[in-house]
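Written below as structure tokens is the structure these notes are about.
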Amino acid sequence: MIRTRFAPSPTGYLHIGGVRTALFNWLFARGCGGQFVLRIDDTDRQRNVSEALQPILDGFRWLGIEWDEGPGVGGANGPYYQSERSELYAAAVQVLLEKGAAYRDYSTTAEVQAEREAAEREKMRFAYSRRWMAETDAQATQFENEGRQAVVRLKMPREGQCQFEDRIRGEVSFSWRQEQDHVIQRTDGTCLYHLASVVDDHEMRISHVIRAEEHLSNTPRQIFISQSLGYESPEYAHLPYVAEPGGKSKISKRKLNKYFKNQDFKKLYEQGAAIARAVGLENTAETFNPVIIDFYQKIGYLPEAVINYLLLLGWSLDDQTEEFNREEMLQHFSLQRVVKSPASFDPLKLLAFQERYMRKLPMKQKVSFVLPFLQQAGRISTPPPCEIGSHVGKVLEAAGDRVRVAGDILQFDEFFVNDEDLEYDEKSFEKRVRKPEKAAELLNAIKHQLASVEPFDAPALDQLLHEFVESRQIKIAQVIHALRVATTGKSIGIGLFEALEIIGREGCLARIQRALDRIEVTRKVS
RNA sequence: GCCCCCUUCGUCUAGUGGCCCAGGACAUCGGAUUCUCAGUCCGAAGACAGGGGUUCGACUCCCCUAGGGGGUACCA
């Protein structure tokens with residue numbers, strides 16, 4: 001049975017690169033009827049682990065990456081928190097000690113450091129002298145009498161090659177002599193990552209370790225542990241990292257300011273930040289950051305779009321296919337087709353996927369997708385009508401592709417505010433209403449016609465306007481811009497006739513009157 | 001320093017010796033459509049990191065150089 005795992009630390013956020021690693025693990029396992037395990041790497045023993053874990057679990061659930069075993073779902077191979085598995089690690093250390101694959105070492109950090117520096121001065125490869133190694137209890141007692149404390153180190157081979165087959169990179173080989181006698185157990189008795197990881201993978205019957213490439217160089221020592229413990233080693237596959245937008249280094253949530261120099265990234269962020277502001281979200285780099293997956297959930301991306309984008313970040317099926325639903329992904333994913341080099345995160349391409357999926361979303365679902373944003377922004381009351389023919393549905397219908405992420409609905413404020421609260425974009429008002437000589441007269445005339453047109457819908461309004469300009473021998477542009485600004489407050493937006501219909505007769509009349517009154521008002525210098 | 005991995009249009013990628021004077025997607029730039037914006041349609045521009053080999057033939061194989069990344073922690 002194929003079993004894979006993802007082992008996040010409870011850091012309080014889910015990094016976009018981590019999501020991709022998890023996705024590939026999930027796809028690989030589930031694609032062939034296997035299982036995906038979530039294990040919590042909390043060896044740092046921080047407090048409030050469950051609190052720091054929540055955003056990570058939420059993120060995976062939102063994306064539909066479900067785990068077969070782990071927090072919240074349990075399983076036969078638990079516990080799934082490394083902090084609760086210390087006995088297992090201690091037992092493994094004992095075995096290693098007994099087999100002579102590890103030794104108690106009584107050196108101090110300073111002493112080892114001194115050896116390392118001496119080697120560097122001589123331009124020699126560093127290898128610990130094992131001078132404070134205790135192989136017998138008598139030696140140990142002697143060191144302890146000197147007041148020394150022991151760590152446990154791996155007694156690594158110092159000659160020969162470590163070769164293994166990486167499912168993505170092919171045959172990889174390292175010289176054992178490059179390896180160090182790594183510490184696996186601290187003086188306080190706690191164990192380190194490499195030991196814990198190998199033990200857990202074995203105990204949890206993980207068949208394929210698919211992880212970030214920064215672990216490639218760590219693999220020999222893990223193979224050594226694994227073999228010394230008599231385990232059958234899992235298959236390894238090392239994924240390239242996700243690089244920063246427009247760059248080659250690994251993407252990091254702490255380098256936001258650097259990424260803002262990339263215009264696309266900046267736009268993505270600012271668009272998101274505007275939505276966050278409108279719905280009253282806390283907005284700090286810790287909580288609202290495009291490198292963290294929540295960002296996309298918060299501003300209204302579709303999980304399918306995010307997943308599809310991430311799938312193609314370092315993997316492809318062929319030279320054509322870009323869209324994959326869940327079943328197709330599961331069916332086609334393979335490690336052989338994972339790209340070996342880092343892929344840089346492109347916010348614009350992600351947006352392009354979002355647009356495609358938005359277009360495919362049935363209107364009814366689009367309405368309910370968008371509603372929470374309007375509610376949070378205080379634009380509609382609860383509980384709102386949730387149908388296609390509803391006010392929100394009409395706006396969405398008319399807005400079409402302009403609503404790219406759900407939060408974009410807030411750009412269509414003019415359809416959700418009271419007539420007296422409508423804000424006018426001052427520049428547009430000046431240009432389209434106040435400045436053109438005949439604007440006031442035209443608006444007034446149209447206002448009268450709007451009062452009686454039947455029915456008050458887009459086709460009728462279209463016809464009305466055209467007849468109006470024809471009878472007056474003017475160009476439609478002369479009236480349409482003024483009317484748009486008068487009724488929506490903006491010079492850009494959805495089709496004017498649809499807009500008028502949605503605002504309704506009463507609203508249009510009130511708004512036009514407001515605009516007319518406004519012309520008279522002396523502009524305040526701000 | 002030493003060791004390991006990586007390197008095709010701006011970006012994601014196809015390409016496993018002749019199908020490639022390199023294909024697709026996003027972005028960009030033109031043109032068409034329209035009441036604005038978005039969209040849509042049509043079109044254009046754009047890459048094999050550099051240098052040596054091997055071969056009748058190299059994006060594809062080998063070597064070197066350069067660049068990027070990782071490891072060399074009582075971090076993960």
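Computed from a predicted model, the values in this text were never measured in an experiment. We name chains A, B, ... by the order of the sequence lines, and we start the count at 1 in each one. Hydrogens, waters and symmetry mates play no part in the numbers below; they use all other heavy atoms, side chains included.
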Atom of A:Ala482, atom of A:Arg432 and distance for their closest heavy-atom approach =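 Between these two residues, the closest heavy atoms are CB-O, 3.4 Å.
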Is the distance from OP1 or OP2 of [N] to the nearest side-chain N or O of [X] less than 4.0 Å?
{"X": "A:Arg121", "N": "B:rG1", "result": "no"}
{"X": "A:Arg337", "N": "B:rG15", "result": "yes"}
{"X": "A:Arg186", "N": "B:rC75", "result": "yes"}
{"X": "A:Arg432", "N": "B:rC35", "result": "no"}
{"X": "A:Ser249", "N": "B:rG69", "result": "yes"}

Can you pull the side-chain hydrogen bond (donor to acceptor under 3.5 Å, both in side chains) pairs that have at least one residue in residues 456-468 of chain A, sequence neighbours excluded?
-> A:Asp462-A:His466, A:Gln463-A:Glu467
Near-ring test A:Tyr269/A:Tyr259, centroid separation under 6.0 angstrom = no
Between A:Ser175 and A:Gln178, a side-chain donor and acceptor under 3.5 Å =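 No donor-acceptor contact under 3.5 Å links the two side chains.
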Using a 4.0 Å heavy-atom cut-off, does [X] contact any base of the nucleic acid, only the sugar-phosphate backbone, or nothing at all?
{"X": "A:Asn218", "result": "base"}
{"X": "A:Arg356", "result": "sugar-phosphate"}
{"X": "A:Gly314", "result": "sugar-phosphate"}

Of all the nucleotides listed ([options]), which has the minimum atom distance to the side chain of [X]?
{"X": "A:Glu214", "options": "B:rG69, B:rG70, B:rA25", "value": "B:rG70"}
{"X": "A:Val172", "options": "B:rA73, B:rC5, B:rC74", "value": "B:rC5"}
{"X": "A:Arg359", "options": "B:rA73, B:rC35, B:rG39", "value": "B:rG39"}

Any residue of residues 193-203 of chain A with a heavy atom less than 4.0 Å from an atom of RNA chain B = A:Tyr193, A:His194
Considering only NZ, NE, NH1 and NH2 on the basic side and carboxylate oxygens on the acidic side, decide whether A:Lys360 and A:Glu304 come within less than 4.0 Å.
-> no
Please list all pairs passing the ring pair (Phe, Tyr, Trp, His ring centres under 6.0 Å) test where one or both residues lie in residues 155-179 of chain A, with sequence neighbours left out.
-> none
